[in-house]
Amino acid sequence: MKAELEAIQATALEALKDVKTTDVLESLRIEYFGRRGKLTDVMKGMGQLSKEERPIIGKLANEVRASLTEAFEATKTALESQQQEQQLHAEAVDITLPGRKPAYGKAHPVMQTLERIEAIFTQMGFQVVTGPEVETEHYNFDALNTPSDHPARDLHDTFYLTDGHLLRTHTSPVQIRVMENQKPPVRIIVPGKAYRVDYDVSHTPMFHQVEGLLVDRHVTFSELKGVLVSFARQMFGDQTQMRFRPHFFPFTEPSAEADISCTVCRGKGCRSCGHTGWIEILGAGAVDPEVFRAVNYNPEEVTGFAFGMGVERIANLQFRIPDIRTFYENDLRFLQQF
Amino acid sequence: MNVTLNWLKNYIDFEFSADELADRLTMLGVEVESVKQLGVALEGIVVGKVNSISPHPNADKLVLCQVDIGEQDALQIVCGAPNVSERMSVPVATIGTELSSGITIKQAKLRGEESYGMLCSERELGISEDAAGLMELSSDTSVGTPLAEALGLDDTVFELEITPNRPDCLSLIGVAREIRAETGNELKLPEVNIRENDTDIREVTSVTIDAPDLCPRYAARVIRGVKIGESPAWLKQRLESVGIGVINNIVDVTNFVLMEYGQPLHAFDYHKLGENRIVVRRAAEGEQITTLDEEERELTSDMLVIADANKPVALAGVMGGYDSEITDETCDVLLESANFQPASIRATGKKLGMHTEASYRFERGVDPEAVIPALNRAAQLIVELAGGTVCEGIIDVYPGKSEPIQIQLRSDRVNFILGTALEATEIEQILYRLGFGMEASQLEDSSYQVTVPSFRSDITREIDLIEEVARVYGYDNIPTTLPKGDIPVPVSDISVEVRKHIKQFLLGAGMMESVNYSFSHPNCFDKVRLAADNPLRDALKLRNPLSPEMSILRTTLMPSLLDNAQHNHNHQINNIALFEMSTVFVKGEEPWRIAGILAGEIGGGVYGDPYKNPDFFDIKGIVERVLEVCCLTDYAFKKTEEPTFHPGRNAAVLLGDRRIGILGEVHPEVLEIYELPYKAYLFELDLEALANAADFSKRFEPIPIYPSVQRDLAIVVDKEMQSDTPIDIIYSTGGELVDSVRLFDVYVGDQVSEGKKSLAYTITYHSATETLTDKDVNNLHDKVVKRLNQELGAELRL
């Protein structure tokens with residue numbers, strides 16, 4: 001009987017080697033472990049054994065059974081994982097097929113630039129303020145120390161409305177509106193649209209400006225420089241150089257224009273900067289005492305500075321669009337690029 | 001205004017190269033816009049002398065010239081010019097020279113004879129259009145001299161942008177004064193000596209100023225016996241180098257002195273002046289004058305004219321009269337040097353559309369003290385160049401003479417404003433170099449009593465002096481520091497928040513941001529079929545629009561977005577999803593609007609994510625989300641009669657009772673006008689209303705702890721019934737126990753009878769206080785079904 005058990009074990013293990021599917025495995029299991037299975041049959045014959053033989057053979061039979069059960073389980077596990085592998089293999093996709101991209105819009109490039117400028121000044125404690133685009137002569141010119149017979153008015157080719165109003169030529173009138181309603185300290189920036197009668201590759205009749213104003217008991221020209229240099233470094237990079245040239249604006253004195261080192265050649269001189277190494281980016285200056293008088297601030301008690309920059313111009317230092325009117329065609333092929 | 005390097009050196013010494021000077025001037029506030037080297041095109045061209053001429057053996061029209069260009073051997077050059085002659089000085093283009101026409105001179109054989117260069121005409125040199133013969137040079141120029149040098153073209157022209165406050169810089173001497181401030185070198189002003197004849201000027205003319213408010217000063221000289229002719233080369237070259245046309249010796253002198261002193265002058269033909277005298281007066285209304293440009297001009301009574309005894313002979317400070325101008329026959333000249341009130345000149349120039357070198361300066365302000373030096377300088381040059389003699393004396397009527405302006409300047413105020421630590425003496429030195437009179441103040445320590453020179457009419461206040469100190473000290477030398485003051489407490493603005501949130505959402509939803517001009521065409525309202533009485537038609541109009549397309553201010557963003565769709569469609573881009581956030585102009589206010597458009601195809605357009613055509617529910621969904629982004633739930637939609645939209649596919653957006661916007665499918669006629677071959681969907685919302693209602697104060701609500709139970713319900717109702725009618729009943733029946741109702745299917749077709757539709761909802765029941773049993777839910781659900789049946793006649797669809 002011992003020999004019989006050992007033969008069963010050997011043939012079963014041998015048979016297991018050839019099993020390729022779980023179905024075959026199952027029928028093999030029945031062949032050995034089923035009610036009429038080979039192993040079951042042998043076990044049934046135990047009753048006929050002698051007392052002495054029974055425990056020995058019984059032990060052997062249990063061992064065979066256990067080892068075969070284990071072998072069957074192992075085969076089953078192996079077959080299952082093999083099968084899963086096959087299934088996964090069959091499920092493979094062509095990973096070069098297109099992904100299903102969620103829709104994704106983009107902010108207008110001028111707005112992206114405007115938002116960056118706003119963020120930089122907001123960090124420096126400037127509050128964002130806005131004001132009307134339809135303005136009066138008073139706020140757009142007179143209160144900014146630009147009376148009607150002043151030649152500086154020629155610098156702004158103004159759109160007038162039939163009702164006598166005008167479209168603001170800069171966002172500076174908001175300075176006046178804010179100071180009329182607020183006591184110093186004032187630390188604001190004014191983003192918004194402005195309008196001038198101009199239409200060519202570098203001018204659009206509507207454009208965006210950011211105006212800044214800081215008024216306090218003792219604000220110096222050196223602080224104006226500090227704020228603008230800090231802005232330029234954040235906007236155009238740490239290496240950016242900035243220079244200030246004397247200029248003229250009716251509402252600031254002293255007045256300045258500020259240039260940054262050319263973003264293309266880094267100041268060496270190239271076509272973009274007219275071989276000067278510098279690119280003009282903004283106008284600025286200490287607030288003129290006349291402006292303070294127009295809003296009932298005492299120029300002996302407060303000082304301040306103001307600055308203004310064109311957003312399209314700054315945007316285009318980065319984007320280099322040959323005709324800035326392209327900004328306002330809203331061609332999707334254009335908008336997608338930014 | 002243009003100036004040249006060599007010309008400037010007549011008035012001040014300096015060692016700067018052209019580029020250095022450009023940089024210094026720019027950093028002083030006299031911006032140099034361009035630096036141009038003259039005579040660059042004449043490189044390689046030298047002065048040569050034709051030693052001898054012999055016939056060309058093989059050509060009748062050519063000759064062989066032996067030309068001395070200062071080298072050891074004379075050059076043989078073949079020439080065909082008709083005017084070539086022996087001992088003539090001519091420009092010689094040497095071998096290797098590239099002419100302005102692009103031709104490079106090479107050693108060549110012309111009809112068998114060697115030629116080692118080319119003798120040039122003015123046209124060949126690009127100097128003028130004269131191609132009649134060789135350019136003849138003055139015989140005393142030494143051979144071998146570069147032509148540019150011989151012609152005075154070895155100079156550099158600076159194009160200056162002079163700001164409106166600095167009319168004093170509109171002259172060579174003015175710019176030289178800036179260089180003085182920079183270098184400290186003294187000015188070299190022209191020395192003027194006039195030999196006068198015995199005739200007293202008062203015997204031959206007189207000047208009357210009837211309008212002293214507009215003419216502070218008028219001075220005149222009379223020069224007799226001049227001979228009108230061409231100006232000498234040096235004068236022509238000076239004027240041409242700065243872009244001023246050459247006319248005759250008298251006019252050229254007045255222009256030269258204008259450039260020198262910045263003082264506009266005018267020369268009259270003395271004999272063409274009625275009674276040979278000058279009256280400065282306002283024009284009579286409707287009075288006429290023909291100006292030098294031969295235009296007849298009608299004048300108004302606010303304009304200042306220079307008249308003789310009878311009629312205007314010049315438009316004061318703007319342009320002379322045609323009838324009294326200098327002609328070849330002129331022999332006696334009355335020379336005017338005057339000062340006019342800026343605003344009046346500016347108004348006249350503007351009214352008549354005239355801008356001249358004179359008016360440009362007068363409207364900005366000319367130094368009244370330059371009147372006499374400039375007059376004398378011009379008289380002297382006229383006598384030098386045109387002969388004649390100067391009558392004795394000057395007529396100088398000066399009703400507007402004023403005392404120099406005095407300003408108190410505090411040194412510590414300079415440092416206070418600039419953030420510098422300048423010594424009082426540094427400040428004094430800078431202002432002194434600029435021509436200011438400096439006297440220590442008796443009143444205050446380290447203060448000055450500053451006397452402003454007459455040419456600096458822009459300086460009237462202490463702050464103006466501070467700017468002068470700053471610009472000469474150098475803006476770049478002023479320290480760079482950060483503000484030390486307190487940062488004001490920021491005020492938060494809900495409308496800014498709302499715009500930010502909505503924009504973020506729309507970008508995330510795949511819409512591109514568009515920015516359009518605020519301008520529109522008045523026909524845009526017709527194009528979008530706005531009703532005739534729609535208040536949006538009441539737009540502000542521009543008095544001076546660039547074009548009809550830009551002649552009104554928009555009251556709605558929708559036409560702009562349709563324009564954008566049209567533009568994109570015309571360029572074969574058809575996946576249009578755009579929004580714009582902007583103010584519009586209505587009823588004197590500028591409220592913010594948000595508008596969007598969907599048209600053409602949306603989706604990725606790839607395998608697995610095909611394009612789909614947007615429909616009403618896409619635009620509605622966007623609007624619903626926009627409202628949710630603002631934390632608004634109390635909104636509703638209601639059909640409107642707006643003609644812009646498909647009558648059955650549009651809705652007003654209601655917040656409570658208030659209409660805050662509209663959305664819908666664009667009417668086919670509007671689509672046709674905008675040439676869109678597919679449907680388009682628009683929305684526009686009032687951002688102010690959203691901001692007023694928005695509430696971002698979020699509070700925690702407990703997450704449900706008891707399980708919820710879902711029941712599906714399909715009912716058959718009348719086809720016309722709105723899908724939210726049953727929902728209202730479900731909520732009102734279930735009360736707090738109905739957590740949500742979701743419509744998941746609408747069916748019309750064979751499975752339901754004619755005129756009916758099936759609506760299928762998922763109802764989620766939930767209690768905040770207990771676990772609902774099946775029995776509870778079944779009871780409730782039965783009640784819902786019963787009420788739907790009673791009130792709407794809804795049949796359960798099984």
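Chain letters run A, B, ... following the sequence lines, proteins first, then strands; residues in each count from 1. Every value quoted in this text rests on a predicted model; they were computed, and no experiment measured them.
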Notebook entry, point to check: Is it the side chain or the backbone of B/Ile576 that comes within 4.5 Å of chain A heavy atoms, both, or neither?
Noted result: both
Notebook entry, point to check: Can you check side-chain hydrogen bond (donor to acceptor under 3.5 Å, both in side chains) on B/Asn516 and B/Asn564, steps first, answer last?
Noted result: CA-CA 9 Å; B/Asn516 287 286; B/Asn564 296 157; 2.9 Å; yes
Checklist line | Contact origin within A/Leu228 toward chain B - heavy atom pairs under 4.5 Å | finding: neither
Note to self: For A/Pro184, which atoms come within 4.5 Å of any heavy atom of chain B: side chain, backbone, both, or neither?
What the structure shows: neither
Note to self: For B/Arg554, is there an ion pair with B/Glu580 - N to carboxylate O distance below 4.0 angstrom?
What the structure shows: yes
Check: So, for A/Phe292 and A/Val302, which heavy atoms are closest and what is the spacing to 0.1 Å?
Finding: CE1-O, 3.7 Å
Margin query: For the interface with chain A, which of B/Gly485, B/Ser518, B/Gly508, B/Ala470 has the highest count of heavy-atom pairs at distances below 4.5 Å?
Written below: B/Ser518
Notebook entry, point to check: Under 6.0 Å from the CG atom of B/Asp538, do we count more than 12 heavy atoms belonging to anything else shown?
Noted result: no
Note to self: I'd like to know which of B/Asn544, B/Thr163, B/Asp563, B/Ile466 tops the heavy-atom pair count under 4.5 Å against chain A.
What the structure shows: B/Asn544
Check: What part of A/Leu335 gets closer than 4.5 Å to chain B, counting heavy atoms only: side chain, backbone, both or neither?
Finding: both
Notebook entry, point to check: So which part of A/Thr130 gets closer than 4.5 Å to some heavy atom of chain B, the side chain, the backbone, both or neither?
Noted result: neither
Note to self: Which atoms of B/Met512 are under 4.5 Å from chain A, going by heavy atoms: the side chain, the backbone, both sets, or neither?
What the structure shows: both
Next item on the list: With sequence neighbours left out, write down each residue that passes salt bridge (Lys or Arg N to Asp or Glu O under 4.0 Å) with A/Glu253, or none if nothing qualifies.
Entry: none
Notebook entry, point to check: Between A/Gln112 and chain B, which part of the residue has a heavy atom less than 4.5 Å away: side chain, backbone, both or neither?
Noted result: neither
Check: Under a 4.5 Å heavy-atom cut-off, does chain B meet the side chain of A/Asp331, its backbone, both or neither?
Finding: both
Item checked: Under 4.5 Å from any heavy atom of chain B - which part of A/Phe126 -> neither
Margin query: Looking at every heavy atom in both A/Gln182 and A/Val186, which two are closest together, and how far apart are they?
Written below: NE2-CG2, 3.8 Å
Notebook entry, point to check: With only heavy atoms counted, which part of A/Thr162 is less than 4.5 Å from chain B, the side chain, the backbone, both or neither?
Noted result: both
Notebook entry, point to check: Can you say whether A/Val110 sits under 4.5 Å from chain B via the side chain, the backbone, both, or neither, judging by heavy atoms?
Noted result: neither
Next item on the list: Sort out for me which of A/Glu115, A/Met111, A/Arg217 touches chain B most, counting heavy-atom pairs under 4.5 Å.
Entry: A/Met111
Item checked: Engaged part of B/Leu540 at the chain A interface, taking heavy atoms whose separation is under 4.5 Å -> side chain
